[in-house]
Protein chains: 2
Amino acid sequence: MKLLHHPERKDILLSSVLYALSDPVRLQIVAQIHRGGEQACKSFEVPIAKSTLSQHVRTLREAGITHTRIYGTQRLLSLRSEDLNERFPGLLDAVLRSYGESREEIELRQEYEKQGS
Amino acid sequence: MKLLHHPERKDILLSSVLYALSDPVRLQIVAQIHRGGEQACKSFEVPIAKSTLSQHVRTLREAGITHTRIYGTQRLLSLRSEDLNERFPGLLDAVLRSYGESREEIELRQEYEKQGS
DNA sequence: TCTATAGTTCGGTAATTAACGAACAATTGA
DNA sequence: TCAATTGTTCGTTAATTACCGAACTATAGA
């Protein structure tokens, strides 16, 4: 059983969080977890190879945005909303709300549907 | 007289804004403008060469975060707060508040003071 | 035990980025 | 007109990143 590294709340850095959220694929993952709750990587609808997805998921975890829980062969991701709200009040909500209203999600989804799964 | 490109409000992208804000130097610049109002590049207290600063300033402008006004030999930068608030409500405030309370600014400033100007 | 599923790691490529100094351009002010 | 100030552009280097497929690990379920 592999141990996954998660930064402590106090060690979560603003610039790292912003960087992790600045990638369209990672934003999409975060938005999907926000809407659907804890879920496994296989459910993320993103137009990339699974090895690439694995890297993005790691980036989110190491930035302190997500928590990864091992469940069988799956990795269940959830948002560390409480930690983020404590450390950067309002930031996550503002990002999620803005993303929901943007056309960036639509564009990514189109790519995903073109590629198929 | 060179023309500077500024994206229109509707063309400001969330991921580009987050990316531009994810660099410690650029965050410091944004925080300084927020506190001191419109100001020239020479007043930014960041530990980098002026050619590098010029690039960072361009990144902020092209992401839609700052507006650059030409005044003599200077470029006066201001925050496009209204555009950003309209497009991504609460985002800029959350970032600025979080940055102000973080230790990231302190660390950058220490580097700046070490290097001298 | 065997197979399928879920995800990670590795090795490699291509693209992007941050950084610098030197040279340049534009403007101000002496 | 000349020098100083302010910032940009260029060429280069080093580091990081995104991406992929192939091989691998671990677990679940037949």
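In this text the structure is predicted, and so the values were computed from the model without any measurement. What you see below is based on every heavy atom in this structure, not just the backbone, and it leaves out hydrogens, waters and symmetry mates.
When the nucleotides D/dT27, C/dA19, D/dG7 are ranked by their closest atom to the side chain of B/Ile48, C/dA19 comes out on top. For A/Cys41, whose side chain is taken as the heavy atoms from C-beta onward, the closest listed nucleotide among C/dG7, C/dT9, D/dT17 is C/dG7. When each of C/dA18, C/dA26, D/dA18 is scored by its nearest atom to the side-chain atoms of B/Tyr19, the top-ranked nucleotide is C/dA18.
Note on B/Tyr71: every side-chain N or O is 4.0 Å or more away from OP1 and OP2 of D/dG7. Residue B/Lys50 places no side-chain N or O under 4.0 Å from the OP1 or OP2 atom of D/dG7. Under 4.0 angstrom from either OP1 or OP2 of D/dT8 there lies at least one side-chain N or O belonging to B/Ser54. A close approach under 4.0 Å does not occur between any side-chain nitrogen or oxygen of A/Ser51 and OP1 or OP2 of D/dC20. At D/dC20, one or more side-chain N or O atoms of A/Thr52 fall inside 4.0 Å of OP1 or OP2 (strictly under the cut-off). The side chain of B/His56 contributes no N or O atom lying less than 4.0 Å from OP1 or OP2 of C/dT17.
Between B/Ser98 and A/Pro89, the closest side-chain pair of non-hydrogen atoms falls below 4.5 Å. Contact of the B/Arg80 side chain with the B/Thr66 side chain is not registered, since no non-hydrogen atoms from C-beta on lie closer than 4.5 Å. Looking at B/Ile106 and B/Gln110, their side chains come closer than 4.5 Å, going by heavy atoms from C-beta outward. The shortest distance between side-chain heavy atoms of A/Leu13 and B/Glu104 falls below 4.5 Å. With a 4.5 Å cut-off on side-chain heavy atoms, B/Gln39 and B/Leu76 do not count as touching.
For the pair A/Glu111 CD and D/dA18 C1', the computed distance is 13 Å after rounding to whole Å. In this entry the distance linking CG of B/Leu53 with P of C/dC20 reads 10 Å, nearest Å. Going from atom CD of A/Gln55 over to atom P of C/dT13 covers 17 Å, rounded to whole Å. In this structure, the CG atom of A/Leu60 is 14 Å from the C1' atom of D/dA18, given to the nearest Å. Straight-line distance from the CZ atom of A/Arg75 to the P atom of C/dA6: 12 Å, rounded to whole Å. For the pair A/Arg69 CZ and D/dT27 P, the interatomic distance rounds to 15 Å; values are reported in whole Å. Between A/Phe44 atom CZ and C/dA6 atom P there is a gap of 13 Å when expressed in whole angstrom units. C/dT9 atom C1' lies 14 Å from atom CD of A/Glu62, rounded to whole Å.
Residues A/Gln74 and A/Arg58 both approach DNA chain C. Their nearest nucleotides, taken by heavy-atom distance, put A/Gln74 toward the 5′ side.
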Could you check A/Gln28 against A/Tyr112 for side-chain hydrogen bond (donor to acceptor under 3.5 Å, both in side chains), going step by step and ending with a plain yes or no?
CA-CA 11 Å; A/Gln28 171 63 24; A/Tyr112 171 71; over 6 Å; no
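Of the residues in residues 25-36 of chain B, not one comes within less than 4.0 Å of DNA chain D through any heavy atom.
The pair A/Lys10-B/Glu101 does not count as a salt bridge, with every side-chain nitrogen at least 4.0 angstrom from each carboxylate oxygen.
Relative to the six-membered ring of B/Phe88, A/Arg97 misses at least one condition, a distance below 6.0 Å or an angle of at most 45° to the axis.
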